[in-house]
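The structure under discussion appears below in the form of structure tokens.
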Number of protein chains: 2
Amino acid sequence: MNLDEARERFIQSWGALGSNWGINRTMAQIHALLLVSPEALSAEEVMEGLDISRGNANMNLRALIDWGLARKVHKSGERKEFFIAEKDIWRVAMQVIIERRKREIAPVLQMLSEVKSVGGSSDDPQVQAFIQSVDDLDTIVGQADSFLELLVKADQNWFANTLLKLFTKEKLNN
Amino acid sequence: MNLDEARERFIQSWGALGSNWGINRTMAQIHALLLVSPEALSAEEVMEGLDISRGNANMNLRALIDWGLARKVHKSGERKEFFIAEKDIWRVAMQVIIERRKREIAPVLQMLSEVKSVGGSSDDPQVQAFIQSVDDLDTIVGQADSFLELLVKADQNWFANTLLKLFTKEKLNN
DNA sequence: TAAAACTTTCAATTAGTTCTGAAATATTCA
DNA sequence: TGAATATTTCAGAACTAATTGAAAGTTTTA
């Protein structure tokens, strides 16, 4: 496999992954293209590299910047703006994804606490069963929420060192 | 709020959550409906309960079974098949993680290892830089994958007690 | 075995999302 | 300032995913 083929394959795959995680395909592809480009690229170059329209390139570059996954750089003597990917993608990408997930969970926790009020102290077994299910969900969704919250605060080194080592130890002990 | 309203609200919300987590809305709604139904439901009942077509119900019930989130049950004296959801919500969460790992993370790791082979031992700085980027990603994605694998092997109590408590302590210490 | 009961499939439709490209706006240069 | 260059916007087009419903397939019963 030569460099161009490898880049192409990488960009395609990364795009597919992104689209499964709530990042649109083109946005993820632009991100991939910037990641594997040693130099900052102009909007023009992104358009050509991925064969997309000016509007599309512009919109998704802006979205990437919004998300903190890319930024504009200025090349002296150049009039155009250039773009590079944030290389520390753990910090940024994970942050973004985790925060998104948290935002999605919040309304569910709200809903769960609301529906628990159903029927008050009814002893209808249907109601009992429903409340039981909802309680279980509430527990686990709550745990997921706390966990995500902690991940948001964790940084890459903390994750790599503390967490992974801990897991290894735990696993060996059991 | 009465039981039917609560169920309805629950089904809607769960459907919305699912669609953000790689499970399509209808699939998640069917799962929710089965979760809050004390009895197993027939395809017919699912269709009526969610007001969806026969084909849609069938396809998504099959998908749920595929994902290990529901199963068919047989009622004696009945000719129809009935469906019941996995009620242990921890297992549901783990099952979703298992499937998504298989479907999404595995191919990405595969791709990363393939594209790393680019140019063999070339000392072209372009190639070097590309390999560097890919290596970084490989590390991160690999760590995330290992983490998920361990999580899947862990049980809920372990997670709730050890992991969450540990995180809390870590956070306070830093 | 045949008709009834039930399940699955799939082509066509509908709904939802993303992309294009040309026009409008903004910025830079001389 | 005004011509050239660069960026942004957005309505409609193109594309993708989800859904329908009718027909084909399968299993059961009598």
Side-chain angles (χ1 to χ4, degrees), chain A residues 11-12 14-34 40-67 69-84 100 104, chain B residues 11-12 14-34 40-67 69-84 99-100 103-104:
Chain A
I11 289 166
Q12 291 311 320
W14 204 242
L17 182 70
S19 65
N20 286 320
W21 288 85
I23 292 165
N24 93 35
R25 202 175 44 90
T26 305
M27 188 170 154
Q29 286 183 346
I30 295 177
H31 184 239
L33 177 65
L34 295 178
L41 302 181
S42 66
E44 207 76 30
E45 288 166 318
V46 170
M47 288 165 57
E48 281 163 19
L50 299 176
D51 199 20
I52 59 175
S53 73
R54 183 170 301 285
N56 197 7
N58 182 270
M59 286 206 314
N60 285 294
L61 280 167
R62 250 186 320 104
L64 281 172
I65 291 169
D66 260 11
W67 282 48
L69 297 175
R71 58 197 158 77
K72 290 181 178 177
V73 294
H74 223 70
K75 282 192 182 176
S76 53
E78 284 279 8
R79 204 155 142 184
K80 294 196 246 298
E81 284 172 321
F82 291 78
F83 301 88
I84 63 175
R100 259 204 168 189
E104 291 156 6
Chain B
I11 289 168
Q12 293 311 320
W14 203 243
L17 182 69
S19 66
N20 288 319
W21 289 77
I23 289 168
N24 92 31
R25 200 175 46 88
T26 305
M27 189 171 153
Q29 286 183 348
I30 295 177
H31 181 247
L33 177 63
L34 295 178
L41 301 182
S42 65
E44 207 76 30
E45 289 166 318
V46 170
M47 289 165 58
E48 281 163 18
L50 300 175
D51 199 18
I52 59 176
S53 73
R54 183 170 299 286
N56 198 7
N58 183 268
M59 290 215 307
N60 283 296
L61 280 166
R62 259 190 309 109
L64 278 173
I65 290 169
D66 222 38
W67 279 66
L69 300 178
R71 58 194 161 73
K72 292 181 178 177
V73 294
H74 231 72
K75 282 193 183 175
S76 53
E78 283 280 9
R79 206 153 141 184
K80 295 198 245 300
E81 285 171 321
F82 290 80
F83 300 88
I84 188 167
E99 286 297 320
R100 295 199 69 180
R103 292 168 197 223
E104 292 160 29

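If you're wondering where the values come from, they're calculated on a predicted model, not measured in any experiment. Just so it is clear: chains get the letters A, B, ... in the order the sequence lines come, proteins before strands, and each one is counted from 1.
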Nearest-nucleotide 5' precedence on DNA chain C, B:E81 against A:D51: B:E81
Taking every non-hydrogen atom, the tightest pair across A:E78 and A:H74: O-NE2, 4.2 Å
Roughly, in whole Å, what's the span from CE in B:M59 to C1' in D:dA18? 7 Å
Side chain of B:T26: nearest nucleotide among D:dT19, C:dG21, C:dT8? D:dT19
With a 3.5 Å cut-off and heavy atoms only, can you find an N or O donor on one side and an acceptor on the other between the side chain of A:R79 and the base of D:dA4? yes
Rounded to whole Å, please give me the gap between CZ in A:F82 and C1' in D:dA6. 11 Å
Would you indicate what B:R25 reaches in the nucleic acid, counting non-hydrogen atoms under 4.0 angstrom: base, sugar-phosphate, or nothing? sugar-phosphate
Between A:I65 and A:F83, what is the shortest heavy-atom contact and its length? CD1-CE2, 3.8 Å
Is there a side-chain polar atom (N or O) of B:N58 under 4.0 Å from OP1 or OP2 of C:dT8? yes
For B:E44, answer base if it contacts any base atom (sugar-phosphate contacts may also be present), sugar-phosphate if it contacts only those atoms, and nothing otherwise; contact means non-hydrogen atoms under 4.0 Å. nothing
First of A:E78 and B:G55 reached from the 5' end of DNA chain D, by closest nucleotide: A:E78
Please report the distance, rounded to the nearest Å, between CD1 in B:I52 and C1' in D:dT20. 11 Å
Rounding to an integer number of Å, can you tell me how far A:L61 CG sits from C:dT18 C1'? 15 Å
Mapping A:F83 and B:M27 onto DNA chain D by nearest heavy atom, which one lands closer to the 5' end? A:F83
Here the distance between atom C1' of C:dC6 and atom NE2 of B:H74, to the nearest Å, is 11 Å
Would you kindly check if the NZ (Lys) or CZ (Arg) of B:R100 is within the cone defined by 45 degrees around the ring axis of A:W21 and under 6.0 Å from the six-membered ring centre? yes
Measure from the side chain of A:N24, starting at C-beta and using heavy atoms only, and say which of C:dC19, C:dT7, D:dT8 lies closest. C:dC19
Which nucleotide in the list D:dT20, C:dG21, D:dA6 gets nearest to the side chain of B:S53? D:dT20
Positive for side chain to side chain contact (heavy atoms under 4.5 Å, CB included) with B:M27, one of B:L61, B:N56, B:N60: B:N60
Examine C:dG21: is either OP1 or OP2 under 4.0 Å from a nitrogen or oxygen in the side chain of A:N56? Give yes or no. no
Take the protein atom CE of A:M47 and the nucleotide atom P of C:dT18, then report the distance between them rounded to whole Å. 20 Å
Figure out the NZ/C1' separation between B:K80 and C:dT8, and round it to whole Å. 17 Å
Regarding B:R62, tell me which of base, sugar-phosphate or nothing describes its non-hydrogen contacts under 4.0 Å with the strands shown. sugar-phosphate
Identify which nucleotide among C:dT8, D:dA6, D:dT20 has an atom closest to any side-chain atom of B:R54, counting heavy atoms from C-beta outward. C:dT8
So, the side chain of A:E45 versus the backbone of A:S42: is there a donor-acceptor pair under 3.5 Å, distance only? yes
